Amino acid sequence: MRFPVICVPSLPAQGMALFPFILVKRPQLKTDQVIINHETIHLMQQAEMLVLPFYVFYLLNYLFNRMKGQKHFQAYRNIAFEKEAYAMDRQLNYLTRRKLWAWTSF
């Protein structure tokens, strides 16, 4: 499935998924297959959680990680959604075989 990719120079990250869009910091990232795949994994996570609950759970997971004493980057990387996306973003065919709610195993 393809989603619109929009360049947002002020984006605080290289890429971000805001259903149904993929936002990237620089125009050349529009063709970066790993970043696009990573963000598309997030879009699938968002869709299966009916979008809004994804953002709530994402934030709560991050805050919980911070309360456990993790610094920002570690807390971010330990969010279940990020664990799946980072583990699978280089497997460009992952989304063709991804099971529903796959992030729960991360």
Side-chain angles (χ1 to χ4, degrees):
M1 180 174 263
R2 296 194 68 144
F3 295 93
V5 181
I6 301 168
C7 184
V8 181
S10 61
L11 199 65
Q14 295 299 308
M16 186 179 291
L18 291 174
F19 196 85
F21 304 103
I22 295 174
L23 310 178
V24 293
K25 189 171 189 75
R26 298 184 319 274
Q28 56 268 42
L29 295 174
K30 286 183 172 187
T31 58
D32 185 311
Q33 291 183 317
V34 173
I35 288 178
I36 298 303
N37 195 44
H38 181 100
E39 300 308 334
T40 303
I41 291 168
H42 285 317
L43 290 175
M44 300 310 291
Q45 294 165 341
Q46 292 170 19
E48 70 193 8
M49 291 190 73
L50 305 177
V51 186
L52 188 57
F54 168 88
Y55 297 114
V56 172
F57 189 81
Y58 189 102
L59 178 62
L60 290 175
N61 198 178
Y62 173 79
L63 292 173
F64 179 74
N65 291 342
R66 289 302 304 256
M67 288 191 311
K68 290 192 319 186
Q70 297 176 9
K71 299 220 182 277
H72 165 72
F73 186 72
Q74 184 183 17
Y76 157 74
R77 286 299 294 258
N78 282 325
I79 296 170
F81 302 116
E82 293 298 345
K83 285 183 174 184
E84 177 191 12
Y86 277 110
M88 301 302 177
D89 60 10
R90 294 186 183 279
Q91 296 183 29
L92 301 181
N93 66 342
Y94 174 65
L95 289 168
T96 63
R97 58 184 169 75
R98 179 183 182 269
K99 291 185 173 36
L100 199 60
W101 299 89
W103 60 270
T104 60
S105 64
F106 291 85

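Numbering starts at 1 and runs along the sequence shown. Note that this is a predicted model, so its numbers are computed, not measured.
Within the model, atoms CD of Q45 and OG1 of T40 stand 11.0 Å from one another, a figure rounded to the nearest 0.5 Å. Rounding to the nearest 0.5 angstrom, the gap separating the CG atom in N93 from the OG1 atom in T96 is 4.5 Å. Between atom CD1 of residue I41 and atom CD of residue E84 there is a gap of 6.0 Å, rounded to the nearest 0.5 Å.
The stretch residues 38-47 participates, sequence neighbours left out, in no salt bridge (Lys or Arg N to Asp or Glu O under 4.0 Å) pair at all. Judged as a side-chain hydrogen bond (donor to acceptor under 3.5 Å, both in side chains), the pairs with a partner in residues 47-56 (not counting sequence neighbours) are, in order, Q46-Y55, E48-R98, E48-W103. For residues 5-21, the set of pairs meeting the salt bridge (Lys or Arg N to Asp or Glu O under 4.0 Å) definition, not counting sequence neighbours, is empty.
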Quick one: side chains of residues 14-23, donor-acceptor pairs under 3.5 Å with protein atoms, not counting sequence neighbours, listed by atom name and distance.
from: Q14; atom 1: OE1; to: R26; atom 2: NH1; distance (Å): 2.7

For residues 1-9, which side-chain N or O atoms pair as donor and acceptor with protein atoms under 3.5 Å away, sequence neighbours left out?
none

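Cluster annotation: L100 and M88 are assigned to the same hydrophobic cluster (Ile/Leu/Val/Met/Phe/Trp/Tyr, side-chain heavy-atom contacts under 4.5 Å, transitive). The hydrophobic clustering, which links ILVMFWY residues whose side-chain heavy atoms are closer than 4.5 Å, places L52 and L59 apart.
For the pair K25 (side chain) and L11 (backbone), a donor-acceptor distance under 3.5 Å is present. Between the side chain of D89 and the backbone N or O of H38 there is no donor-acceptor pair closer than 3.5 Å.
Heavy atoms only, all atoms of each residue included: M49 and F57 are closest at CE-CB, 4.2 Å. Taking both residues in full, the closest heavy atoms of A87 and F106 are given as CB-CE2, 3.7 Å, listed atom of the first, atom of the second, then distance.
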>> As a quick check of understanding, evaluate side-chain hydrogen bond (donor to acceptor under 3.5 Å, both in side chains) for E82 and H42, giving each step before the final call.
In response: CA-CA 8 Å; E82 293 298 345; H42 285 317; 3.1 Å; yes
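Within the 4.5 Å cutoff, the side chain of W101 has heavy atoms near those of the T104 side chain.
Considering only residues two or more places apart in sequence or on other chains, Y58 meets the ring pair (Phe, Tyr, Trp, His ring centres under 6.0 Å) condition with F54. In terms of the side-chain contact (heavy atoms from CB on, under 4.5 Å) criterion, residue partners of R90 (sequence neighbours excluded) are, by chain and number, V34. Under the side-chain contact (heavy atoms from CB on, under 4.5 Å) criterion, L92 pairs with Q33, N37, sequence neighbours left out. Residues passing the side-chain hydrogen bond (donor to acceptor under 3.5 Å, both in side chains) test with N61, sequence neighbours excluded: none. Residues satisfying the side-chain contact (heavy atoms from CB on, under 4.5 Å) criterion with F64, sequence neighbours excluded, are M67, K68. Shown here are the side-chain contact (heavy atoms from CB on, under 4.5 Å) partners of K99, two or more places apart in sequence or in another chain: there are none.
Taking a 4.5 Å side-chain heavy-atom cut-off between Ile, Leu, Val, Met, Phe, Trp and Tyr, the cluster of L60 extends to V56.
Looking only at atom types and distance, the side chain of R77 has no donor-acceptor partner in the side chain of Q70 under 3.5 Å away.
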